[in-house]
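Down below is the structure, laid out as structure tokens.
Basis for what follows: all heavy atoms, side chains included, without hydrogens, waters or symmetry-related copies. Residues: numbered from 1 along the sequence shown.
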Amino acid sequence: NGVKTIGEVEMMDYIKNYVNKDRGVIVDARLPSWYKVETIPSAINIPFTLLEEADKETVDTIFSSLGAKRNKNGWDFSNAKTLIVFDNGVWCDQATRFVKSILKAGYPAQKMAYYRDGFQGWKLLGLTTVIMEKKEVR
């Protein structure tokens, strides 16, 4: 609830106006094994499992790295980065699980969006991807 769903046009606009200006982050919520094979350029990997199992220290580290500031009343998200979260595609629930977990931990819905087509949709359209870890062919 409250998390906007976006498509490719909005994603391109987001990269231009948020990621390139260090105001936003693209979050690949997939497991690291998927992320290492291939991902969307500039995406960082915060696996959905990390937040599902997160203790207070882990949440603090994630929120701080995204620009939130802890204060006496909890968290100040006024300068926190806006997130676009994606997974493998419409058949995958990893981004949904990530979003539910980060919302439960306190990250504001208005600072997030869900890229509905995910990596599969991105790749099917022939958009640029990056390989994070090259495998040796033997």
Salt bridge (charged side-chain N to carboxylate O under 4.0 Å, His left out) partners of E38, counting only residues at least two apart: K123
Those residues that, when tested against D13, pass salt bridge (charged side-chain N to carboxylate O under 4.0 Å, His left out) (two or more places apart): none
Minimal non-hydrogen separation, I26 against S42, with atom names: CD1-OG, 3.6 Å
Shortest non-hydrogen separation from G118 to F86 and the atoms involved: CA-CB, 4.2 Å
side-chain hydrogen bond (donor to acceptor under 3.5 Å, both in side chains) contacts in which one or both residues fall within residues 56-65, not counting sequence neighbours: D55-T58, K56-D60, D60-R70
Qualifying side-chain hydrogen bond (donor to acceptor under 3.5 Å, both in side chains) pairs, either residue in residues 80-93, two or more places apart: D22-K81, R30-N88, W91-Q120
Crowding at CG, N71 (>12 non-hydrogen neighbours, <6.0 Å): yes
D28/I40 under side-chain contact (heavy atoms from CB on, under 4.5 Å): CA gap, chis, key distance, verdict: CA-CA 8 Å; D28 185 335; I40 294 172; over 6 Å; no
K111 and L83, any side-chain heavy atoms less than 4.5 Å apart: no
ring-ring contact (aromatic ring centres under 6.0 Å, His included) pairs, two or more places apart, involving residues 11-41: Y14-Y18
F63 and Y107 aromatic centres sub-6.0 Å: yes
Non-neighbouring partners of S101 that pass side-chain hydrogen bond (donor to acceptor under 3.5 Å, both in side chains), sequence neighbours left out: none
Side-chain (K4) to main-chain (M112) donor-acceptor, under 3.5 angstrom: no
Under 3.5 Å donor-acceptor, E10 side chain and G7 backbone: yes
